[in-house]
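One structure is given below, encoded as structure tokens.
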Amino acid sequence: MVAPPALLRAARSRPALTSPPALPAPFWTLTAGGAGAGPPQPRRGRAAAASSIRRHRRPPPPPAPRHPPRPRSPLRPTRRGRYRQHNMAGAGGGNDIQWCFSQVKGAVDDDVAEADIISTVEFNHSGELLATGDKGGRVVIFQQEQENKTQSHSRGEYNVYSTFQSHEPEFDYLKSLEIEEKINKIRWLPQKNAAQFLLSTNDKTIKLWKISERDKRPEGYNLKEEDGRYRDPTTVTTLRVPVFRPMDLMVEASPRRIFANAHTYHINSISINSDYETYLSADDLRINLWHLEITDRSFNIVDIKPANMEELTEVITAAEFHPNSCSTFVYSSSKGTIRLCDMRASALCDRHSKLFEEPEDPSNRSFFSEIISSISDVKFSHSGRYMMTRDYLSVKIWDLNMENRPVETYQVHEYLRSKLCSLYENDCIFDKFECCWNGSDSIVMTGSYNNFFRMFDRNTKRDITLEASRENNKPRTVLKPRKVCASGKRKKDEISVDSLDFNKKILHTAWHPKENIIAVATTNNLYIFQDKMN
Amino acid sequence: MEFKLEAHRIVSISLGKIYSARGQRGGLKLHKNLLVSLVLRSARQVYLSEPGCPPEPPPAAAAGHPEEEQPPPRSAAWAAEEPPPPPPGEQEDMETGNVASLISIFGSSFSGLLSKEPKGRRRPPLDGGEAAAGTAPAEAAAEPGQICCDEPVLRTLNPWSTAIVAF
């Protein structure tokens, strides 16, 4: 039985729980915000009485009234070393979102157990489920509670739905290498029946997990007692037909497919195709195409390994299928380029159909230019028209129709440009930040240091910096925008670059596909924020 | 001049990273080691260039790259050769503390860093295919170990020596 990750452990400040989790532990959670925690008990299902497992989906909210856009202040040119920021959640109306703290999951202690470090966060297609993977190889899935009629001013909370050990550490005896169990990526399959499916991967192996609910069990066997013991056939005098009786909801996770032994290098991405039958997995030098039903073979569709490894100059850093076109995918490289490939062109897509690359600014040249131009994440917009890439200092939005430069560039933490040498020394320059779109592709979000995360509104061109911290613990507290002062006089409430905590980094964020709910992962805590509902 | 100091510091930091990457759990990370090697190469270029020269842009590094990616004898060279004594007296009057400690770790294969022999470094690139340790032609010095110290030494700084063995 898996030890529950710290995500589920009690925060010391809550006295309600009487005992630490014991094995086998029932699933429970403690949230710092929202309704108080009950005593530890198995997850109660709402549909225990109903025969259908499907939850009632509340109708989509009416579209927000559109206000005329506020006149923009003239943009000041950004200079190196200066950081200008326009606040998004300011006074006034418009479509400004006010973000409120909703929940936080995880331990409060400062010393982080390495296995509890969150390594991936992903909402499913409906947004009802939120999956996290950690360095210890565990997957924790949270489910959104149905909206409570009495609590109409907040959306449902996310509580633990299922926890399982997805990957275990392995040892490659041939190479004398240990294979980490850290979950690199989780991707949900769209729901086709009552069960949920997700793909989770570590460095070498991808697994398809089925998460299903069981709320009925057959009772009334003739040859078996209720506790499982077999009855002596001679004692059976009458016959009866077993019937299904409701039981306490049980959520089970079982591995349905294991896709192994296809990658020599470390897997960095998986992406499910829009045909929902195939998916790709990418490592540093190769991309493989799998069929979800077939585990004993995969097709290699991209191979950038040079004949002589010593000539290697770039590696694949991320790959994703196009959301609508099932033969198109992109992969990004450590040199800051993105290649779009069409599988109809040839079996091996070594020759790209499009190459997206922005010429480098020669004035920004330094020893570390190559490192900071390495793309750490690439994500298509929901529409499929745009894609977003994240490199160390910026987020770029590309129009698939234009290859020579991005259409939008947002500086995430330009004030770090002068600190690259120190960031190289402490390895922070190798941090791989991810990025995400909101449901309508109007806002993009990414993480930074000091537990800050940033959002950029593509329409209003405004941006905001928020902090994921337990100090804003009350639910429905509106988060205060943060500011980093790069140089010069530090104003009140600003934080100077030198006092940023580079150990507190937000690498993984996720945005609910339909609503303004975001999940932000700090090192070992998961924060959930929502917009303020009136 | 400060470029050279900075370059020197970056070289030693990079070497330290490559060394510590060996014992990492999960095996060598190709991406990170590639990036470190790119930094190492740019810093090395600056370090080797004339004093006072600004750092060269990467196109130059890319041009210099093929010649530097010539297959060095891999770790076989490092492991097999007995480290010859470092070139005497030709120490630059720079901060050698870091490099000295790295020398003790890697053996004097890195003594080439401190050597002022321009000859050893400015030689035209060799073709690929000098895979074996002793096949370095014209500049083959006295004993095989010397090769490691010479012009190839900065090519043996190629971190792929370690990465490739792992992979």
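We name chains A, B, ... by the order of the sequence lines, and we start the count at 1 in each one.
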For A/Ile316, is it the side chain, the backbone, both or neither that has a heavy atom under 4.5 Å from a heavy atom of chain B?
neither
Which bit of A/Ser176 is near chain B, if near means a heavy-atom gap under 4.5 Å: side chain, backbone, both or neither?
neither
Are B/Arg41 and A/Glu370 close enough for a salt bridge, meaning some N to O gap below 4.0 Å?
no
Between B/His31 and A/Asn268, does a side-chain contact (heavy atoms from CB on, under 4.5 Å) hold up when you go through it step by step?
CA-CA 10 Å; B/His31 185 198; A/Asn268 52 52; over 6 Å; no
Over all heavy atoms of both residues, which pair between A/Phe367 and B/Ala43 is shortest? Give the atoms and the distance, please.
CE2-CA, 3.5 Å
Distance-minimising heavy-atom pair for B/Arg25 and A/Pro169:
NH2-CB, 3.7 Å
Hey, does B/Leu38 have a side-chain heavy atom less than 4.5 Å from the side chain of A/Ile371?
no
Mind listing the closest non-hydrogen atom pair of B/Leu34 and A/Glu314 along with its distance?
CD2-CA, 3.7 Å
For atom CG of A/Asn300, decide whether the heavy atoms of other residues, nucleotides or ligands shown that lie under 6.0 angstrom number more than 12.
yes
CG on B/Leu35 to CZ on A/Phe368, rounded to 0.5 Å
11.5 Å
Between B/Lys29 and A/Asp284 (salt bridge meaning N to carboxylate O under 4.0 Å), is one present in this structure?
no
Between the main-chain N or O of A/Tyr424 and the side-chain N or O of B/Lys17, is there a donor-acceptor pair closer than 3.5 Å?
yes
If the condition is side chain to side chain donor-acceptor pair (under 3.5 Å), which residues does A/His167 pass it with, not counting sequence neighbours?
none
What's the separation between atom OG in B/Ser20 and atom CG in A/Asp427, rounded to the nearest 0.5 Å?
7.5 Å
Tell me, side chain or backbone of A/Lys335 under 4.5 Å from chain B's heavy atoms, or both, or neither?
neither
Listed partners of A/Tyr449 passing ring pair (Phe, Tyr, Trp, His ring centres under 6.0 Å), at least two apart:
A/His413, A/Phe433, A/Phe502
Atom pair OG (A/Ser334) and NZ (B/Lys32), whose distance is rounded to the nearest 0.5 Å
15.0 Å
Would you call B/Leu30 and A/His266 a side-chain contact if the rule is heavy atoms closer than 4.5 Å?
no
In terms of heavy-atom contacts, does CD of A/Glu114 have more than 12 from other residues, nucleotides or ligands at under 6.0 Å?
no
Neighbour count above 12 (heavy atom, 6.0 Å) for A/Tyr173 OH
no
